[in-house]
Amino acid sequence: MRMVDIIEKKRNGQELSTEEINFVIEGYTNETIPDYQVSALLMAIYFEGMSQSERADLTMAMVESGDQIDLSAIEGIKVDKHSTGGVGDTTTLILGPLVAAVGVPVAKMSGRGLGHTGGTIDKLEAVPGFHVELSSDEFTRLVNEEKLAVIGQSGNLTPADKKLYALRDVTATVNSIPLIASSIMSKKIAAGADAIVLDVKTGAGAFMKDEAQARELAEAMVKIGNNVGRQTMAVISDMSQPLGFAIGNALEVKEAIDTLKGEGPEDLTELCLVLGSHMVVLSEKAKTHEEARKMLEDAIDSGEALNRFKAFLKGQGGDASVVDDPAKLPQAEHKIELPAKSSGKVSRIIADNVGTAAMWLGAGRATKESEIDLAVGLMLKKKVGDEVKEGESLVTIYANDLSEVEKVKAKLYESIEVSSEGHAPALIVDQVTGQ
């Protein structure tokens, strides 16, 4: 088998066999196939696409290139959730304890963030003492006892995907649906889940800014998951404005606590109930989404979801008393209000710009080497469709370093529009089941 023949075959729009895809991934991982040949193949895939069977084969070849997490010692159907990312996306912190409270085991592998704010692990580390360095036995024990644990990503999980992604980044082939879908799904499958719920974002703050592209990606990932034997479904949700009010690590932990108390933002609460209902149904704890939603709402009302969050934090060394006293979370030295310059309705909040402003404060990483300030960020006071009076606060800026605040203010004023009318966008755009 020769790499040049495989490149030519895909360049001519033909379907690659399982053996050919395995040959490419194995050879590239062990460095017997050079970058320049894989670059040529990636460009051919970018223009010619991949069939459903090719996408499934590529996904599994990347899964098999490294470690695979064995969750068989954990009782029940393990359902994982993945979000394609956005601004103020605190869902994992809420969904984990919420679905665990109704008996769904959540064995979560998460990462750190690069961009607007920290990833799930960064956010959780705003809780004093919390850590994700768990042995596999400890991880299994916590999920079996508490139904919830979070660990960091294994260094040798899907090494082929890491190499391919780095190459795609420098060859202008990142934005290819088959390659994006296979990349995301390889990590989810290698992490050992039995079923997967995907939250595919669309809008200004999303990777897929166009709704049609978001739908295409959702359908591609659902088909891959189902083709390789994982029950998979996707929710397409709006990220034209930030989700919830909080953007920043400790601020988002506080918002997660509020939501688990039943006092969280309406959009964040609704998205968690929708995603959580699908997780409960896939785990076979409920037969219908209506039944599942009622179980989740009861877990919030009874306090069980909040208690599960406390047990989760304590189990991983965190100070669970922050749930009752969020002032123990990292606190910013300065709080600065951003007053509205005119009266009217908020007609637009450009999510990615707001995320960039939070990153300038130190809430996220501009590079992998950047240090995150867990205390800083933004708290929206208004969302799209809300009425606002001149002088009323649009955003509270939480800062430790004042040197960036004027720049942040200017960015926020550019990104939040007030006019005579504004209507809140639909939160749930569509759902893809693959049926």
Side-chain angles (χ1 to χ4, degrees), residues 6-7 9-18 20-22 24-25 28 38-63 65 80-86 89 115 158 160-190 196-240 352 428-435:
I6 293 171
I7 295 167
K9 188 175 178 182
K10 179 46 67 179
R11 184 201 69 191
N12 294 340
Q14 295 171 265
E15 185 173 306
L16 302 181
S17 69
T18 304
E20 287 167 330
I21 289 172
N22 288 342
V24 172
I25 296 304
Y28 188 48
V38 179
S39 297
L41 180 61
L42 289 173
M43 191 59 77
I45 290 169
Y46 182 89
F47 284 112
E48 294 297 331
M50 297 184 97
S51 68
Q52 294 303 330
S53 60
E54 283 179 303
R55 295 175 189 195
D57 288 340
L58 175 59
T59 301
M60 290 312 296
M62 291 196 291
V63 168
S65 71
D80 201 354
K81 165 258 169 190
H82 174 78
S83 168
T84 57
D89 189 358
T158 62
D161 174 59
K162 291 185 181 75
K163 287 196 72 175
L164 276 181
Y165 192 90
L167 195 58
R168 286 163 56 204
D169 200 32
V170 295
T171 57
T173 54
V174 167
N175 204 17
S176 158
I177 294 289
L179 297 175
I180 297 166
S182 299
S183 172
I184 292 171
M185 292 305 291
S186 67
K187 292 190 278 285
K188 291 291 104 183
I189 291 158
I196 302 162
V197 173
L198 301 161
D199 179 15
V200 180
K201 305 291 191 186
T202 184
F207 178 59
M208 289 297 182
K209 308 209 181 287
D210 175 75
E211 191 179 312
Q213 276 191 317
R215 185 175 283 101
E216 188 182 351
L217 177 60
E219 289 172 351
M221 291 193 292
V222 168
K223 283 175 182 168
I224 288 172
N226 290 329
N227 281 345
V228 302
R230 304 295 198 280
Q231 281 197 81
T232 307
M233 67 79 54
V235 171
I236 302 171
S237 66
D238 175 71
M239 189 48 80
S240 59
D352 49 354
I428 307 298
V429 176
D430 203 358
Q431 302 188 37
V432 178
T433 63
Q435 301 300 319

Q | Shortest non-hydrogen contact between I224 and A181, atoms and distance | A | CD1-CB, 3.8 Å
(Q) With a 3.5 Å distance limit and no angle check, can you tell me whether S176 reaches the backbone of Y46 through a side-chain donor-acceptor pair? (A) no
Q. Does the side chain of L58 come within less than 4.5 Å of L179's, by heavy atoms?
A. yes
Q: Kindly compute the distance separating CD1 (I236) from CD (E211), expressed to the nearest 0.5 Å.
A: 7.0 Å
Q.
Using side-chain contact (heavy atoms from CB on, under 4.5 Å), reason through L16 and K9 one step at a time and then give a plain yes or no.
A. CA-CA 7 Å; L16 302 181; K9 188 175 178 182; 3.9 Å; yes
Q: Return yes if some donor-acceptor pair links the side-chain N/O of E48 with the main-chain N/O of I45 below 3.5 Å, else return no.
A: no
Q) How long is the span from the CE atom in M62 to the CD1 atom in I25, to the nearest 0.5 Å? A) 6.0 Å
Q | Flag side-chain contact, heavy atom, 4.5 Å: R230 against K188 | A | no
**Q.** Check: N226 side chain, T232 main-chain N or O, donor-acceptor pair, under 3.5 Å
**A.** yes
**Q.** From D352 atom CG to S240 atom OG, the distance as rounded to the nearest 0.5 Å
**A.** 10.5 Å
Q.
Quick check: closest heavy atoms across L167 and S39, and the distance to 0.1 Å?
A. CD1-OG, 3.5 Å
Q: May I ask you to decide whether K10 forms a salt bridge with E54, counting only side-chain N to carboxylate O separations under 4.0 Å?
A: yes
Q: Taking the six-membered ring of F207 (Phe, Tyr or Trp), confirm whether the NZ or CZ of K201 is under 6.0 Å from its centre and within 45° of its axis.
A: no
Q) Heavy atoms, side chains only, cut-off 4.5 Å: are R55 and I177 in contact? A) yes
Q.
Please report the interatomic distance CD1(I6) to CZ(R11), rounded to the nearest 0.5 Å.
A. 14.0 Å
Q) Does the side chain of V228 reach to within under 4.5 Å of the side chain of K223, using non-hydrogen atoms? A) no
**Q.** Within-4.5 Å side-chain heavy-atom neighbours: M185 and I196
**A.** yes
(Q) Does any part of the side chain of R168, heavy atoms only, come nearer than 4.5 Å to the side chain of S183, both counted from C-beta? (A) yes
Q: Report the C-alpha distance between M50 and E15 in whole Å, list the side-chain angles of each, state the deciding distance to 0.1 Å, and finish with yes or no for side-chain contact (heavy atoms from CB on, under 4.5 Å).
A: CA-CA 7 Å; M50 297 184 97; E15 185 173 306; over 6 Å; no
Q) Under the side-chain contact (heavy atoms from CB on, under 4.5 Å) criterion, do Q213 and N175 qualify, and how do the steps go? A) CA-CA 10 Å; Q213 276 191 317; N175 204 17; 4.0 Å; yes
(Q) The test is side-chain contact (heavy atoms from CB on, under 4.5 Å); show your working for M233 and V432 and say whether it passes. (A) CA-CA 6 Å; M233 67 79 54; V432 178; over 6 Å; no
(Q) Can you tell me how far apart CE (M239) and CG (D199) are? Round to the nearest 0.5 Å. (A) 7.5 Å
**Q.** Residue pair V235 / V200, side-chain heavy-atom distance below 4.5 Å
**A.** no
Q: Side-chain contact test, heavy atoms from C-beta onward, threshold under 4.5 Å: evaluate it for D80 versus V197 and give yes or no.
A: no
Q: Give a yes or no on whether the backbone of D161 and the side-chain of T158 come within a donor-acceptor separation of less than 3.5 Å.
A: no
**Q.** Minimal non-hydrogen separation, T202 against A214, with atom names
**A.** CB-CB, 3.7 Å
Q: Considering non-hydrogen atoms only, spot the tightest contact between A160 and S65 and give its length.
A: N-OG, 3.2 Å
Q) How long is the span from the CE atom in M221 to the OG1 atom in T59, to the nearest 0.5 Å? A) 10.5 Å
